[in-house]
Amino acid sequence: MKKLLTILSVAIAGVAYGQTPLKIDNIEIHNSESGEINDAHATVHVAGGVAPYTYYWSDQNTSTEAKQAFKLTEGVGHSIRVVDAEGNEVSQEFEIPSESIAEKFNGAFTPIVGGVGSVLLGDPFAALGLYDNVIYDDNGEPARHANGDIQTKSIPFIVVWLVLGALFFTLRMKFINVRGFKHAIQLARGKYDEPNAPGEVTHFQALATAVSATVGLGNIAGVAVAISVGGPGATFWMIVAGLLGMSSKFVECTLGVKYRTINEDGSVSGGPMHYLRRGLEGKNLGALGKVLAGMFAILAIGASFGGGNMFQANQAYEQLAGQFPELAGKGFYFGIILAILVGIVIIGGIKSIARVTEKIVPLMAVIYIIAALVVVFSHIDHLGAAFGAIIDGAFDADALKGGFIGVLIQGFRRAAFSNEAGVGSAAIAHSAAKTKHPVAEGFVALLEPFIDTVVVCTLTALVLIFTDMHMVQGIGGAQLTSDAFATVIDWFPFVLVIAIFLFAFSTMISWSYYGLKAWTFIFGETKKMEITYKLLFLVFVVIGSTVGLGAVIDFSDMMILAMAFPNITGLLIMSGEVKNDLAQYIKDLKAGKLFRTPDKVKA
């Protein structure tokens, strides 16, 4: 009764003052017939109240002055809150129906991504009130998104987990990332190759396979995003995280070889699934080991189909279509051709994959590094200012967006996402190396974060900083990097597109091996299971080239990051035995007991 009287009073007052109550007449929804995801838009029609109106959309990219919101996701809930000039407000929720298969998949995965992301990318420190996560503008006021929401920075839990794990391994192994660097180079160059040792590929081939799975679009586009958001200072923390990640790779790949299984046909099965199960079983933690191993294998399978396959195919097609317009609308045919190329390589297993990656990775890395150095040296007069900006920005409490914490996290996040140190994927490739000494392969593996992050990612950052392109707003990551190179080498964007394609291709064939080993770990080491997985993998190549992926890929990326939970948990428990194995290895190496080459028979 009281509520009814209140409504009547408001209505009477509105009539008395010659105005009608504020209300939303309707929300006009438009969904294009293209079937593409995230391309719907909505228009709100308001009546009554006192103009002007302020519109607060749930979409953060929509201005408070706009009565229309564009690029909305189909199949998920949205909301609009309208406030008139006198502070009266009204709100309404709405949903845009999904029509195409792609829209239905995207709409189904979007809330899942939000839920998983709240755990992996959630900020427990801000939740506990340990620091102020609000971003402030130059006037000391909270910075806001276009829709009026306050901008915040965050310390993602998964990044903290990866970086603290890397720091722990660096300290426990007594800075193996520094003192083991020279020996790692010697091993990778083949000085201590053991042709008759168990395994399928050489040290260098294992290194090339693992590097091919990490060097790619993240080094080109991801770095541009990190530098644009975190400023030049993010470069410093990216390098620090890369150096620490070398220790994580050492530990996981040492265990990968130590607990690998040599099958009857001479093939190798190894990786976190095996050392989590068998290694923890040896410490009377068999039940925990089985749970962690199963969890890792399931996550690795999902990651291989998504981030290691569909995302790569999708980006390869988009980059090529962007440079060669005649490819537009031909994603399906591109996917078929790409699937055939991938199939030719992966049908031969790790040996075939390694033969391809050992050629592609060095070639593209050298081309990219030389081009980056050309750009840097052409702006050599910016050297002092650039490095000053990197050092100052790394410790500047007011740096760009998010202050010191924001800069540090952007650098750490880019490095952790790029080199996958602690994720455990590389241990699968290194398990196949021909060696009798697990620690030796750990040394080889520590070179990966150095190549991926300290060299390639840093050079990308320097190109952006030296050309001042990091200050350009409103351009996508890959395009920003391409434009930076084009300031000196006008034809390099074409080379960059080819590089992206080859990096994507090499990433796909490497991840096919990771996913295969996780698949057979769960379903059994049989030819039938192997063929089933490879056929599924090739089907997903075509899917990735054909449809918009949206939240499906976001979910897959999170699966890759989630692999760090079971992996680092096991690494922490087994780090003591790795430390002991390392001490014995170095002792035997200095005593000349390892890698003895038989005297050559005189002619």
Side-chain angles (χ1 to χ4, degrees), residues 214-243 319 322-323 363-396 398-404 406-415 417-419 449-500 503:
T214 58
V215 175
L217 197 65
N219 306 75
I220 298 168
V223 171
V225 173
I227 303 302
S228 295
V229 176
T235 308
F236 177 86
W237 296 112
M238 186 169 62
I239 294 171
V240 170
L243 293 172
Q319 293 298 319
Q323 202 64 244
L363 174 64
M364 296 315 304
V366 167
I367 291 174
Y368 191 79
I369 289 169
I370 290 174
L373 290 175
V374 168
V375 174
V376 169
F377 280 110
S378 69
H379 293 81
I380 199 67
D381 54 316
H382 294 181
L383 182 66
F387 278 95
I390 290 171
I391 300 301
D392 293 342
F395 301 96
D396 185 357
D398 298 319
L400 209 57
K401 297 179 181 178
F404 169 72
V407 175
L408 182 144
I409 290 303
Q410 282 299 326
F412 278 179
R413 182 173 182 167
R414 181 67 261 143
F417 287 15
S418 179
N419 60 48
F450 183 83
I451 296 168
D452 177 274
T453 305
V454 180
V455 176
V456 180
C457 284
T458 300
L459 280 174
T460 301
L462 292 179
V463 166
L464 292 163
I465 295 167
F466 273 63
T467 59
D468 291 329
M469 291 300 293
H470 67 287
M471 294 187 290
V472 176
Q473 300 295 318
I475 300 179
Q479 187 60 49
L480 197 63
T481 303
S482 180
D483 290 349
F485 276 100
T487 61
V488 176
I489 313 172
D490 58 1
W491 48 265
F492 192 74
F494 290 97
V495 178
L496 192 63
V497 168
I498 301 301
I500 290 173
F503 280 145

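To the nearest 0.5 angstrom, Leu459 atom CG is 11.5 Å from Ile370 atom CD1. Taking OG1 from Thr460 and OH from Tyr368, the interatomic distance works out to 2.5 Å, rounded to the nearest 0.5 Å.
With a 4.5 Å cut-off on side-chain heavy atoms, Leu243 and Pro449 do not count as touching. Side-chain contact between Phe387 and Phe236: absent, with no pair of heavy atoms (C-beta onward) separated by less than 4.5 Å.
Side-chain atoms of Thr453 do not come within 3.5 Å of backbone N or O of Ile239 as any donor-acceptor pair.
Minimum interatomic distance between Phe466 and Ala386 (heavy atoms only, all atoms of both residues): CE1-CB, 3.4 Å. Nearest heavy-atom pair, Gly242 versus Val454, reported as atom, atom and distance to 0.1 Å: C-CG2, 4.2 Å. Of all heavy-atom pairs between Cys457 and Met238, the closest is O-CE, 3.7 Å.
Considering Val463, Leu464, Thr467 as possible partners of Phe485, the one that fulfils the side chain to side chain contact (heavy atoms under 4.5 Å, CB included) test is Val463.
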